[in-house]
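Working notes for the structure below.
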Amino acid sequence: MKLWSQYFIPTLKESPADAEIASHKLLVRAGLVRKLGGGLYTYLPFGLRVMQKLTQICREEMERAGAIELWMPHVHPVELWEQGPRWAAAREIMFRADSAGDGKRAPRDPEFVLGPTHEEVITPLVKTEITSYRDLPKNFFQIATKFRNEIRPRYGLMRAREFVMMDAYSFDVNDDAAVKSYFAMKSAYEAFFKRIGVTAIAVEADTGVMGGSFSHEFMVPAEIGDDDVIYNEASGYAANREKATSALVPADLKDAEPAGAIEEFATPGVVTIAALEAAPYSVPADRQFKTLVFIGDGKPFLVVLRGCDELEEAKLGALGFTLFRPATAEEIEPIMGAKPGSLGAVKGTIKDAGALAGIFADHAIRLIGNGTTGANKDGFHLRNVNVARDLAVTKFGDFRRVRAGEPDVKSGEPLQLRRGIEVGHIFKLGTKYSEKFGAVYTDDQKQTHPMVMGCFGIGVSRTMQAVIEQSHDNDGIVWPWNAAPFHVLICVLDPQLPEAMELARKLGAAAEKAGADVLIDDRVERPGVKFKDADLIGIPLRLTVGGKGLKEGVIELKWRAQKDVAKIPVAEAEAKVAAAVTDAAAKAGA
RNA sequence: CGGGGUGUAGCUUAGCCUGGUAGAGCGCCUGCUUUGGGAGCAGGAGGUCGAGAGUUCGAAUCUCUCCGCCCCGACCA
C-alpha cells in the first residue's frame with residue numbers, strides 16, 4: 001500500500017511540446033517517464049512499476065516455455081563483433097564504449113561496444129559450456145537494456161536509443177528440434193501479450209540483418225505504427241509489408257510472344273516513369289520496365305521492375321549480399337552507358353555487362369510481356385521489348401512491394417493493409433552464428449554438428465507504450481489489470497478526517513489481501529484535482545472515500561474503463577472491494 | 001545523412017516580421033476565503049531569452065557559426 005503524498009507521481013496538466021502521439025504525451029503527463037535526451041528516458045517510479053509488472057509476466061511465460069534466465073554484459077569486446085557475421089552491417093547503429101581517457105591524447109580505436117543484442121555473447125558462451133547432445137536443447141534469456149544508436153529516435157519509448165528488451169536464444173540439435181523451440185516461444189509470446197492485455201498479431205516477417213530462415217513479428221495494430229502489415233482476415237494470412245507477397249502473378253502465366261522487332265525511339269529529356277506516361281509517348285507505367293542499379297558487396301547488379309511497382313528493398317536481402325546500396329549516378333554511367341532515366345536491361349545494350357553481378361527481375365514484369373524500357377543511351381527508349389526474348393535476366397524473384405487490394409496467395413481474396421507497432425520478433429536463425437563461433441556438439445554417433453539456433457526478442461519498454469497507445473481515452477490511460485502500476489486507487493477526498501483515512505487503509509488492506517496493489521491518494525488537494533489525476537494515471541479500480549459519503553454511510557466504486565459509479569454501504573465495502581479485485585484478476589488471467 | 005520546423009521561468013507559451021533591455025497562464029511560496037470533476041482574491045520568488053561571434057549608441061528581435069529538440073524522407077532513375 002502506497003500513499004501518494006509519500007510517493008512520486010509528477011502529473012502534468014499540459015502535454016509536453018515535444019510529444020506528438022497520444023501514448024508519448026500520456027507517458028510524460030501521467031508521470032511515467034522523463035526525457036534525458038533524444039531517445040533516452042528516465043523511468044520514474046510509476047513507470048518503473050509498469051516495467052516491473054511487464055518483465056515479471058514476461059519472465060514467467062519464458063520460464064513456462066522452458067527458457068532459463070541469465071544476465072550478460074552490456075559492454076562487449078569489439079573483437080567478438082568483428083568475429084561475428086554481421087559487424088559490417090550492424091556497426092552503424094552501435095555505440096562504441098572506449099575509455100574517455102585523460103582528455104590529452106587522441107582516442108584509440110574502439111575496444112568495446114555496447115550491445116544491441118547478444119548473439120555474439122551467448123554463442124561463444126554456449127560453445128565453451130555445451131558440447132554434447134545430452135545437454136541440448138537449451139534456451140537462455142535475459143531481460144536487460146539494449147543500446148542502439150538509432151538514426152532517428154521517435155515517439156518517446158517507441159524507438160529509443162536505450163531500451164529494455166527480453167532476448168532469448170535457443171540451441172538445438174537439428175532443424176526439427178529448432179522448429180519446435182521456435183513454436184514453443186511463439187506460444188509463450190502469445191501468452192505474454194494476452195496476459196498483459198495487449199492485442200498483438202503474429203505476422204510473417206523479413207529476417208533483416210539478423211539473418212536466418214524464417215521469422216514472425218508481433219504487431220500491435222496502431223495508426224502510429226512504424227510498419228505496414230498486409231493481411232487477409234478470412235485466410236489468416238498476415239505479413240510485414242517488407243515480406244508480403246500476393247497472387248498478382250498467376251502461377252500458370254504463360255510468357256507473351258514477341259510483338260515485333262525492338263524499335264528505338266527518341267525521348268529527349270524524359271528521365272522518369274511519369275514523363276514517359278505523358279503525351280506524346282503515352283506509355284502506361286504498367287507497360288514500362290524500370291531498371292535500378294545497386295552495388296552489392298562492391299559489385300553492381302540490376303533490378304528490373306514494372307514501372308508502376310515499387311521496389312521492396314528488404315526483399316533484395318534474398319540475393320545474399322552482406323551489404324548493398326543504390327548506385328550513384330557517377331557509378332551508373334560507366335557501367336550502363338547512360339544516365340539514370342534511360343536505363344534498361346535489354347541484351348547487348350549494357351555498356352559493361354561483364355561488370356554486373358547479376359540482373360534480377362521481379363516476376364511481375366512477365367505481366368508486361370512486351371513493353372518499353374531505356375536504351376542505355378541518353379534520350380532514347382526501346383519499345384517492343386519482350387521479356388523472354390530480350391531481357392538478360394539472371395534470375396526472377398519477388399522484389400516488388402505488395403499493395404492493398406492485390407489477391408491473397410491463400411484465398412485469392414483482396415489483401416488489406418494496416419499499420420502496426422512491432423513489439424516482438426522471433427527468428428529461426430539456423431547455424432549462421434553457431435558455425436561462425438564454432439558452437440558445435442557431439443551426437444550419439446560421435447559426430448559433431450553445429451547447433452541450430454533461434455533468437456527471440458520482446459521490446460518491453462516499447463510494449464509499455466504500445467499498451468498505452470492501445471488503451472487510453474481523452475482523459476488518460478486505461479491500464480489493463482496486469483499491466484497496471486497499481487490495481488486499486490483509493491481517492492480520499494478529505495484526508496484530514498481521521499475516519500476517512502482509517503477507512504481507506506482498511507479498504508486498502510482488504511484489496512491487498514485479495515491480491516491487489518493499492519495506492520491511496522491522501523494528498524491535500526481539491527476533489528477535482530484528484531479525479532482528473534485518477535483518470536490520467538488510469539488505475540483500473542477507483543474507490544472514493546469522502547466526508548460526504550461517510551455521512552451517508554457509503555463509499556464509491558468506479559472502474560476506469562466504465563462510466564457508472566456504484567455506491568456501496570461502508571459495512572459491505574471491504575467484502576465488495578475484495579470480491580471486485582478477485583473477479584478482475586480472474587478475468588485478466590492473473 | 002538530406003529537407004523542414006523549433007529553442008524565451010519547472011511546464012505551456014506571447015513578444016521576433018518593423019531593434020529601445022521580457023509578459024501571461026499553469027506550477028511553486030505566504031496569507032485569507034473555498035471544498036465532490038484541474039477554485040477565488042491579495043502578495044511573492046523564479047529568466048546569462050540554447051551557445052558563441054558579428055552589425056548597432058542599443059539585440060530575445062537583424063547576420064553568421066555551432067549545439068539541442070521535433071517532424072518528414074531515407075536513395076525508386
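Since the structure is predicted, the reported quantities are computational estimates derived from the model, not experimental observations. Chain letters run A, B, ... following the sequence lines, proteins first, then strands; residues in each count from 1.
- Nucleotides B:rG40 and B:rA51 have their P atoms positioned 34 Å apart, rounded to a whole Å.
- Contacts of A:Gly374 with the nucleic acid, taken as non-hydrogen atoms under 4.0 Å apart, are absent.
- Comparing atom distances between the A:Lys35 side chain and each of B:rC76, B:rC70, B:rG36 picks out B:rC70 as nearest.
- As judged by a 4.0 angstrom heavy-atom cut-off over every strand, A:Val303 is placed among residues making no nucleic acid contact.
- At least one side-chain nitrogen or oxygen of A:Arg154 sits closer than 4.0 Å to the OP1 or OP2 atom of B:rC72.
- RNA chain B is contacted by A:Ile332, A:Pro340, A:Gly341 of residues 331-342 of chain A, taking any non-hydrogen atom closer than 4.0 Å.
- Nucleic acid contact class of A:Ala19 (heavy atoms, under 4.0 Å, all strands): none.
- Side-chain atoms of A:Phe531 lie closest to B:rG36 of the nucleotides B:rG36, B:rA77, B:rG73.
- Contact between A:Trp479 and A:Pro540 at its shortest, heavy atoms only, is O-CG, 3.6 Å.
- Residues satisfying the ring-ring contact (aromatic ring centres under 6.0 Å, His included) criterion with A:His487, sequence neighbours excluded, are A:Trp481.
- Counting non-hydrogen atoms under 4.0 angstrom, A:Gly546 reaches a base of the nucleic acid.
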Using residues 287-297 of chain A as the side-chain source, report each donor-acceptor pair under 3.5 Å to any protein atom, sequence neighbours left out, with the distance given to one decimal.
residue  : atom : partner  : partner atom : Å
A:Arg287 : NH1  : A:Ile368 : O            : 3.3
A:Arg287 : NH2  : A:Ile368 : O            : 3.1
A:Arg287 : NH2  : A:Asn370 : O            : 3.1
A:Gln288 : NE2  : A:Ile273 : O            : 3.2
A:Gln288 : NE2  : A:Val283 : O            : 3.0
A:Lys290 : NZ   : A:Asp309 : O            : 2.7
A:Asp297 : OD1  : A:Thr322 : N            : 3.2
A:Asp297 : OD1  : A:Leu323 : N            : 2.8
A:Asp297 : OD2  : A:Thr322 : N            : 2.9

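- Nearest to the side chain of A:Pro527, among B:rU12, B:rG36, B:rA77, sits B:rG36.
- Note on A:Ser15: only backbone sugar-phosphate atoms sit closer than 4.0 angstrom, heavy atoms only; bases stay farther off.
- Across all strands shown, A:Glu556 has heavy atoms under 4.0 Å from base atoms, whether or not it also approaches the sugar-phosphate.
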Give every pair of a protein N or O atom and an N or O atom of nucleotides 38-43 of chain B that lie under 3.5 Å apart, one pair per line with the distance.
residue : atom : partner  : partner atom : Å
B:rG38  : O2'  : A:Lys13  : NZ           : 3.0
B:rG38  : O6   : A:Arg29  : NH2          : 3.2
B:rG38  : N1   : A:Asp533 : OD1          : 3.2
B:rG38  : N2   : A:Asp533 : OD1          : 3.2
B:rG38  : N2   : A:Asp533 : OD2          : 3.4
B:rA39  : OP2  : A:Arg526 : NE           : 3.4

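- Across all strands shown, B:rU55 forms no Watson-Crick or G-U wobble pair with both key distances under 3.5 Å.
- Each of A:Met94, A:Arg161, A:Glu162 was compared with A:Phe147 under the side-chain contact (heavy atoms from CB on, under 4.5 Å) criterion, and only A:Glu162 meets it.
- Taking atom C1' on both B:rA60 and B:rG50, the two are 12 Å apart, rounded to the nearest angstrom.
- When all heavy atoms are compared, the tightest approach of A:Arg325 to A:Glu331 is NH2-OE2, 2.8 Å.
- No side-chain N or O of A:Thr372 forms a donor-acceptor pair with one of A:His381 less than 3.5 Å apart.
- B:rA24: Watson-Crick or G-U partner is B:rU12, with both key distances under 3.5 Å.
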Throw together a table of side-chain donor-acceptor distances under 3.5 angstrom for residues 497-508 of chain A, partners on residues two or more places apart or in other chains.
none

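- Annotation: B:rC62 and B:rU18 have their C1' atoms spaced 11 Å apart (nearest Å).
- Applying the ring-ring contact (aromatic ring centres under 6.0 Å, His included) rule to A:Tyr7 yields the partners A:Phe486; only residues at least two apart in sequence or on another chain are considered.
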Short N/O separations, protein against nucleotides 6-10 of chain B, under 3.5 angstrom:
none

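- Of all the residues in residues 562-572 of chain A, not one reaches under 4.0 Å from RNA chain B with any non-hydrogen atom.
- As judged by a 4.0 angstrom heavy-atom cut-off over every strand, A:Leu493 is placed among the base-contacting residues.
- Pairing for B:rU30 is with B:rA42, a Watson-Crick or G-U wobble pair whose two hydrogen-bonding atom distances lie under 3.5 Å.
- By the ring-ring contact (aromatic ring centres under 6.0 Å, His included) test, A:Phe321 is found to be paired with A:Phe301, residues two or more places apart in sequence or in another chain being considered.
- In this structure, A:Asp362 has no salt bridge (Lys or Arg N to Asp or Glu O under 4.0 Å) partners at least two apart in sequence or on a different chain.
- Side-chain contact annotation: A:Asp522 with A:Ser5, donor-acceptor N/O pair under 3.5 Å present.
- Separation of the P atoms belonging to B:rG7 and B:rC16 is 13 Å when rounded to the nearest angstrom.
- Atom CG in A:Leu311 sits about 12 Å away from atom P in B:rA74, given to the nearest Å.
- Checked against A:Arg400 for a salt bridge (charged side-chain N to carboxylate O under 4.0 Å, His left out), the options A:Glu310, A:Glu406, A:Glu242 give a single hit: A:Glu406.
- In this model, a side-chain donor or acceptor of A:Arg542 finds a partner on the base of B:rG37 within 3.5 Å.
- At a non-hydrogen distance threshold of 4.0 Å, nothing from residues 350-370 of chain A comes into contact with RNA chain B.
- Using a 3.5 Å distance cut-off with no hydrogens or angles, the side chains of A:Arg86 and A:Thr117 do pair a donor with an acceptor.
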Exercise for review: Would you check, one step at a time, whether the test salt bridge (Lys or Arg N to Asp or Glu O under 4.0 Å) holds for A:Asp521 with A:Lys530?
Suggested key: CA-CA 8 Å; A:Asp521 186 355; A:Lys530 297 194 175 206; 3.7 Å; yes
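- If you check the side chains of A:Glu469 and A:His472, you find no donor sitting under 3.5 Å from an acceptor.
- The side-chain hydrogen bond (donor to acceptor under 3.5 Å, both in side chains) pairs that include a residue from residues 275-284 of chain A number zero, where partners must be two or more places apart or lie in different chains.
- When distances run from any side-chain atom of A:Arg152 to the nucleotides B:rG36, B:rC1, B:rC72, the shortest one goes to B:rC72.
- Side-chain atoms of A:Ser23 and A:Gln465 include a donor-acceptor pair closer than 3.5 Å.
- Between A:Tyr155 and B:rC72 there is a side-chain polar atom (N or O) within less than 4.0 angstrom of OP1 or OP2.
- Base pairing of B:rC1 is made with B:rG73, judged by Watson-Crick or G-U wobble geometry with both donor-acceptor distances under 3.5 Å.
- Base-pair partner of B:rU6: B:rG68 (Watson-Crick or G-U wobble, both distances under 3.5 Å).
- With a cut-off of 3.5 Å on both pairing distances, B:rG37 has no Watson-Crick or G-U wobble partner at all.
- In terms of heavy atoms, A:Val249 sits closest to A:Ala364 at CG2-CA, 3.6 Å.
- A 6.0 Å sphere centred on CD of A:Glu223 holds no more than 12 heavy atoms belonging to other residues, nucleotides or ligands.
- Contacts of A:Arg325 with the nucleic acid, taken as non-hydrogen atoms under 4.0 Å apart, are absent.
- Distance noted for atom C1' between B:rA45 and B:rA59: 28 Å (whole Å).
- Residue-level contact check: A:Asp535 touches the bases, meaning some heavy atom is under 4.0 Å from a base atom.
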